[in-house]
Q: 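One structure coming up, written as structure tokens, with questions to follow.
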Amino acid sequence: MPLELYLDLHSQPCRSVFLFAKKVGIPFEYKSVDLASGQQFGEEFGKISVVRKVPVMRDGSFVLTESVAILKYLAEKFAASVPDHWYPADLQRRARVNEYLSWQHGAVRAHGSKVFWFRALIPIITGSDVPKEKMDSALEDLTQSLNLLEEKFLQNKPFITGEKISLADLVAVVEVMQPVGTGLDVFEGRPALSAWRDRVKKEIGGDLFDEAHKVIMNVDSLPQTFQDNGMLELLKPRLQKMFN
């Protein structure tokens with residue numbers, strides 16, 4: 001059985017797994033899971049993962065969830081053909097990758113995702129704008145996370161771990177790009193971050209980078225999709241929590 005990846009490229013973690021596997025030439029079968037239609041809640045997907053989130057990797061009878069775990073698994077399983085810089089064997093360089101991967105969940109990922117929801121989905125789904133104080137707070141949190149990405153992790157280096165790209169850069173760039181899909185230029189006034197994004201895109205390959213981000217750059221259709229397929233009612237409780 002070929003290695004299977006269950007993905008929806010609207011999802012940042014899915015994009016990181018997709019980009020890595022494609023870039024380093026790991027053979028896999030792409031299994032589309034349409035989050036907007038609620039496919040993750042279906043009976044078939046539930047047989048694969050009770051977590052009901054993507055990405056999911058299935059390697060024979062072995063099923064793995066969580067993007068960071070999947071990325072590390074792929075890097076280690078295919079170590080003979082994956083260049084070392086992605087997940088270095090050197091203890092301290094690998095620790096730098098792990099440091100960023102551990103930090104980003106509650107920082108760039110959390111704050112970029114909230115801004116994405118606030119700007120792209122909530123106003124259309126609920127019929128009203130996010131209160132200004134909530135939006136300002138979300139943007140400030142994102143700003144602080146981007147500041148730390150630049151000052152703590154990038155500093156004056158080409159990439160997070162130094163001279164070469166790693167899994168840390170891959171995970172970082174897909175999260176930074178998420179609010180960009182709403183029309184927010186997070187790179188404005190950040191020449192160092194912009195230059196880093198360009199280097200990452202070049203290393204990945206412009207065509208592959210654009211392929212992975214195509215859907216997130218065309219999110220205007222998502223609200224109507226939610227309305228058409230009944231997902232709106234499932235989303236409302238989650239949206240309400242954002243304002244509590």
Side-chain angles (χ1 to χ4, degrees), residues 2-24 26-59 62-74 101 104-105 108-122 124-125 167 170-183 204 207-239 242:
L3 187 145
E4 299 173 339
L5 295 176
Y6 293 77
L7 308 169
D8 183 331
L9 297 184
H10 285 100
S11 157
Q12 308 94 295
C14 287
R15 293 199 299 274
S16 67
V17 171
F18 173 81
L19 284 169
F20 181 61
K22 293 278 283 188
K23 172 60 182 176
V24 301
I26 295 172
F28 68 94
E29 184 176 348
Y30 186 108
K31 297 287 190 177
S32 177
V33 181
D34 187 357
L35 299 179
S37 68
Q39 193 173 351
Q40 70 273 30
F41 300 116
E43 181 178 352
E44 288 304 310
F45 188 70
K47 294 176 183 178
I48 298 164
S49 174
V50 297
V51 178
R52 296 188 178 277
K53 294 180 179 180
V54 287
V56 175
M57 183 206 75
R58 182 157 64 177
D59 187 7
F62 180 69
V63 176
L64 188 64
T65 63
E66 298 299 324
S67 59
V68 169
I70 293 170
L71 288 168
K72 292 179 180 180
Y73 178 89
L74 294 176
L101 296 179
Q104 62 93 27
H105 292 287
V108 179
R109 170 158 177 69
H111 301 144
S113 295
K114 179 175 280 191
V115 169
F116 175 82
W117 276 86
F118 278 13
R119 287 174 58 90
L121 300 178
I122 290 179
I124 299 175
I125 293 174
L167 293 180
L170 198 59
V171 170
V173 79
V174 296
E175 297 294 348
V176 173
M177 291 298 294
Q178 192 75 358
V180 175
T182 71
I204 293 171
D207 289 344
L208 178 57
F209 186 92
D210 291 340
E211 177 188 355
H213 289 91
K214 181 178 179 180
V215 293
I216 206 62
M217 295 302 160
N218 295 277
V219 297
D220 292 347
S221 63
L222 273 181
Q224 186 60 51
T225 302
F226 291 145
Q227 182 69 47
D228 293 344
N229 60 32
M231 278 293 288
L232 180 59
E233 293 305 313
L234 289 175
L235 287 170
K236 281 183 178 178
R238 177 179 177 179
L239 300 182
M242 291 185 176

Q: More than 12 foreign heavy atoms under 6.0 Å from NZ of K53: is that the case here?
A: no
Q: Among L35, L7, V17, which one satisfies side chain to side chain contact (heavy atoms under 4.5 Å, CB included) with V54?
A: L35
Q: Would a 4.5 Å heavy-atom cut-off, applied to side chains only, mark F20 and I26 as touching?
A: yes
Q: Rounded to the nearest 0.5 Å, what separates atom OH in Y6 from atom CD in E29?
A: 7.5 Å
Q: Counting only N and O atoms by type, is there a donor-acceptor contact under 3.5 Å from the side chain of S113 to the main-chain atoms of A110?
A: no
Q: Using side-chain contact (heavy atoms from CB on, under 4.5 Å), reason through K31 and I48 one step at a time and then give a plain yes or no.
A: CA-CA 12 Å; K31 297 287 190 177; I48 298 164; over 6 Å; no
Q: How long is the gap from OG on S32 to CG on D8, to the nearest 0.5 Å?
A: 6.0 Å
Q: With a sphere of 6.0 Å drawn around CD of E66, does it hold more than 12 non-hydrogen atoms of other residues, nucleotides or ligands?
A: no
Q: Is L101 close to K72 at the side-chain level, that is, under 4.5 Å between some pair of heavy atoms?
A: yes
Q: First locate atom NE2 of H111, then atom CD of Q178, and finally report the distance between them rounded to the nearest 0.5 Å.
A: 15.0 Å
Q: Can a donor-acceptor pair be found, under 3.5 Å and without considering hydrogens, that links the side chain of R109 to the backbone of Q104?
A: no
Q: With no hydrogens and no angle check, is any side-chain donor or acceptor of R58 less than 3.5 Å from a backbone partner on V63?
A: no
Q: Looking only at non-hydrogen atoms, find the nearest pair between L3 and P27 and report the distance.
A: CB-O, 3.9 Å
Q: Of the non-hydrogen atoms in R52 and F45, which two are nearest, and what is the gap between them?
A: CA-CE2, 3.6 Å
Q: Within this structure, what is the NE2-CZ distance for the pair H213 and F18, rounded to the nearest 0.5 Å?
A: 10.5 Å
Q: Please report the interatomic distance CE(M57) to CG(L64), rounded to the nearest 0.5 Å.
A: 5.0 Å
Q: Tell me, do E211 and L19 make a side-chain contact under 4.5 Å, heavy atoms counted?
A: no
Q: Between V174 and I216, is there a side-chain heavy-atom distance shorter than 4.5 Å?
A: no
Q: Can you give me the closest heavy-atom contact between P13 and S16, atom names plus distance?
A: O-OG, 2.7 Å
Q: When rounded to the nearest 0.5 angstrom, what distance separates OG in S67 from CG in L5?
A: 12.0 Å
Q: Looking at every heavy atom in both F209 and M177, which two are closest together, and how far apart are they?
A: CZ-CG, 4.0 Å
Q: On a heavy-atom basis, which atom in P179 and which in G112 lie closest, and how many Å separate them?
A: CD-O, 4.1 Å
